[in-house]
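Working notes, structure below.
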Amino acid sequence: MRQAGRYLPEYREVRADAGSFLDLCFNPELAARVTLQPIERFGFDAAILFSDILVVPHALGQKVDFIQNEGPVLEPVTDGDAIRALTRDRFLELLEPVFETVRQVRAGLGPEVALIGFCGAPWTVATYMVGGRGSPDQAAARALAYRDPGAFRILIDLLVGVSVEYLCAQVKAGAQVLQIFDSWAGTLPDGEFERWCVGPAREIVAGVRARGVEAPVIGFPRGSGPLYSHYARETGVNGVSCDTSLPLDYIARELQPSLAVQGNLDPLLLVNGGDALTRRVDEILAALGEGPFIFNLGHGIVPQTPPEHVARLVAQVRR
Ligand code: CP3
C-alpha cells in the first residue's frame with residue numbers, strides 16, 4: 001500500500017517546499033525523490049510511484065484540489081451534461097510529468113526492486129468526481145448510478161478507457177507491476193458491485209493485455225468481503241490486495257490457491273507496535289507465507305506511524 005507519505009520526516013521536508021500536493025505529483029524530480037525515500041530507508045522489495053488516483057480527473061479537465069487536513073476537493077460532476085463536458089483530448093499530455101517521474105524512479109532503483117504503477121478503479125475515482133470529496137458512504141455516486149445509470153455508464157466507460165491508456169503509458173515508462181485501487185468497492189450492493197467494480201476491472205485488465213502489456217496486475221476491491229473470490233476469478237487480475245477485515249483462513253483457502261495475495265496488516269497496529277504487532281505479523285506469515293504472497297498493509301499507512309515500527313516490521317518479515 002502507500003509507502004511514501006507523511007510518516008517520514010524526509011517526505012514532510014520535500015512536501016513543505018513543493019507547493020500544493022498536485023504540484024508535487026507533477027514535479028518529476030521531487031516526485032521521484034519521495035518515491036525513492038522509503039526504499040532507501042527500509043530496503044523494500046518494491047516502490048510505488050508517488051502520485052494520486054485523482055490526477056486522472058484532473059487530466060480530464062475537472063478541477064481538483066487537495067486541501068490541507070481536509071483531503072481532496074473537486075468541482076462535482078453531478079449530471080449527464082457535466083459528464084459529457086469531460087474531455088480526453090489532452091489526457092496523456094497532461095500526465096506526461098507522471099511518466100517522466102516513472103522514468104526517473106526506474107533509473108534510480110536497483111534492478112532487484114520492482115516499480116509499481118497504479119490507477120484508481122473507475123468506481124472509486126467516480127465517487128470523488130461525483131461527490132466532490134471523500135465521504136463515508138459514497139452516497140452521491142451511488143445515487144447518480146441509480147438515478148441516471150446511462151450517464152453514469154458513460155462516466156465509468158470513459159474512466160475505463162483512459163485508465164487503460166494511463167497504465168500502458170506507465171509501463172512504457174518503466175513500471176513493472178500495476179495496481180488498481182478500488183478503495184470504495186465495499187459500499188456497492190452485489191448487483192452494483194458486478195456492474196461498477198468487477199466489469200470495469202475486467203475491461204481494464206483485458207485492455208492492457210490487448211495492448212501487449214504483460215506486467216502483473218493487482219486488484220484491490222477493498223471491503224468486498226465474500227465477493228473477493230468472485231472478483232479474483234472474474235477480472236483476470238494476477239493478484240489481489242487484501243484489506244484488514246479479510247480473515248486469513250479465507251485468503252489462504254479461497255484466494256491464494258489461484259493467485260498471488262497481498263496484505264493485510266492493520267495500519268493502526270503498525271502505529272501501536274509492541275507484542276501485539278509482532279504476534280499479528282507472525283500469524284499473517286504462518287497463514288500465507290508458504291504461497292505466492294506479498295507482505296503488506298491492508299490499507300494505507302497513516303501519518304502518525306513511527307518509522308521505527310516500520311523498520312522493526314521489515315526486519316521481522318525478513319527473518
Ligand atoms: O502513498 C503514496 O505515497 C503512494 C502514492 C499514492 C497516494 N495516493 C499519495 C497521497 C497512492 C497509491 C494513492 C492512492 C489513493 N489516493 C487512493 C487509493 C488507495 C487508498 O488509500 O484507499 C485514494 C482513495 C486516494 C485519494 C486521496 N488522496 C485521499 C482521500 C487523500 C487524502 C487522504 C488523507 O489522509 O489526507 C489523498 C492525499 C494523498 N495521496 C496523500 C498522499 C501521500 C497525502 C497528501 C499530503 O501529503 O498532504
Side-chain angles (χ1 to χ4, degrees), residues 1-27 30-39 41-42 44 46-58 62 64-74 98 101-102 105 115-136 138 141 159 163 166-167 170 175 177-187 197 218-224 241-245 262-264 267-268 271 296-305 310:
M1 202 62 58
R2 300 183 188 188
Q3 294 175 348
R6 293 161 288 180
Y7 75 109
L8 292 179
E10 58 268 35
Y11 169 81
R12 291 195 296 269
E13 211 170 284
V14 175
R15 175 78 180 81
D17 293 338
S20 74
F21 177 72
L22 275 187
D23 289 339
L24 177 53
C25 290
F26 290 130
N27 181 324
L30 295 184
R33 196 187 306 165
V34 297
T35 301
L36 295 170
Q37 282 172 344
I39 311 308
R41 190 192 261 254
F42 300 110
F44 292 122
I48 186 159
L49 166 69
F50 183 85
S51 182
D52 195 82
I53 64 168
L54 299 178
V55 299
V56 164
H58 167 84
Q62 187 172 15
V64 179
D65 279 312
F66 286 83
I67 299 180
Q68 207 77 47
N69 305 322
E70 218 182 294
V73 177
L74 299 82
V98 176
T101 303
V102 172
V105 172
L115 175 55
I116 307 173
F118 69 92
C119 70
W123 163 250
T124 287
V125 174
T127 66
Y128 291 95
M129 294 179 77
V130 174
R133 51 180 64 230
S135 69
Q138 297 74 55
L159 290 169
S163 299
Y166 184 43
L167 293 175
Q170 290 180 45
V177 180
L178 297 169
Q179 182 153 350
I180 304 171
F181 288 96
D182 215 344
S183 305
W184 300 118
T187 48
C197 170
I218 303 169
F220 181 48
R222 188 169 76 97
S224 59
S241 193
C242 300
D243 65 60
T244 51
S245 67
Q262 165 172 302
N264 73 343
L268 292 183
V271 175
N296 211 318
L297 302 182
H299 200 198
I301 193 160
V302 297
Q304 64 271 30
T305 307
V310 179

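Counting starts at 1 for both ligands and their atoms, in listed order. None of the values given here were measured: they were computed from a predicted structure. Excluded from the calculations below are hydrogen atoms, water molecules and symmetry mates; all remaining heavy atoms, backbone and side chain alike, are included.
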Can you find a non-hydrogen atom of G120 under 4.0 Å from ligand 1?
-> no
Among F66, F220, F118, which one has a heavy atom closest to atom 37 (C) of ligand 1?
-> F66
Reference residue P267; test side-chain contact (heavy atoms from CB on, under 4.5 Å); the match among T244, T305, I301 = T244
Before signing off on this row, confirm whether R6 and ligand 1 have an N or O atom pair separated by under 3.5 Å.
-> yes
Of G300, A16, S51, S241, which has the heavy atom at the shortest distance from atom 9 (C) of ligand 1?
-> S51
H299 vs F220 aromatic rings, parallel, tilted or perpendicular, using cut-offs 30° and 60°?
-> tilted
Taking all non-hydrogen atoms of both residues, which atom of L49 and which atom of T35 are closest, and how far apart?
-> C-OG1, 3.9 Å
Atoms in ligand 1 with a heavy atom of H299 nearer than 4.0 Å = 20 (C), 21 (O), 22 (O)
Taking all heavy atoms of C25 and all of D52, pick out the closest pair and write down the distance.
-> SG-N, 4.2 Å
Kindly confirm or rule out an N or O of S183 lying under 3.5 angstrom from an N or O of ligand 1.
-> yes
Do the rings of Y7 and F42 sit parallel, tilted or perpendicular, given the 30° and 60° boundaries?
-> parallel
Of F21, Y11, F50, the one whose closest heavy atom lies nearest atom 10 (C) of ligand 1 is F21
With heavy atoms of Y128 as the reference, note each atom of ligand 1 found under 4.0 Å away.
-> 24 (C), 30 (C)
Atom indices of ligand 1, in the order listed, that fall short of 4.0 Å to a heavy atom of P72 = 29 (C), 30 (C), 31 (C), 32 (C)
Has the side chain of T124 got a donor or acceptor atom that lies under 3.5 Å from a matching backbone atom of S183?
-> yes
Counting only N and O atoms by type, is there a donor-acceptor contact under 3.5 Å from the side chain of Q37 to the main-chain atoms of E10?
-> yes
Does any N or O atom in R15 lie less than 3.5 angstrom from one in ligand 1, N or O only?
-> yes
Worked verdict on E70 versus R133 for salt bridge (charged side-chain N to carboxylate O under 4.0 Å, His left out) | CA-CA 9 Å; E70 218 182 294; R133 51 180 64 230; 3.2 Å; yes
Per atom 5 (C) of ligand 1, closest listed option by heavy atom (L49, I48, D52, I116) | L49
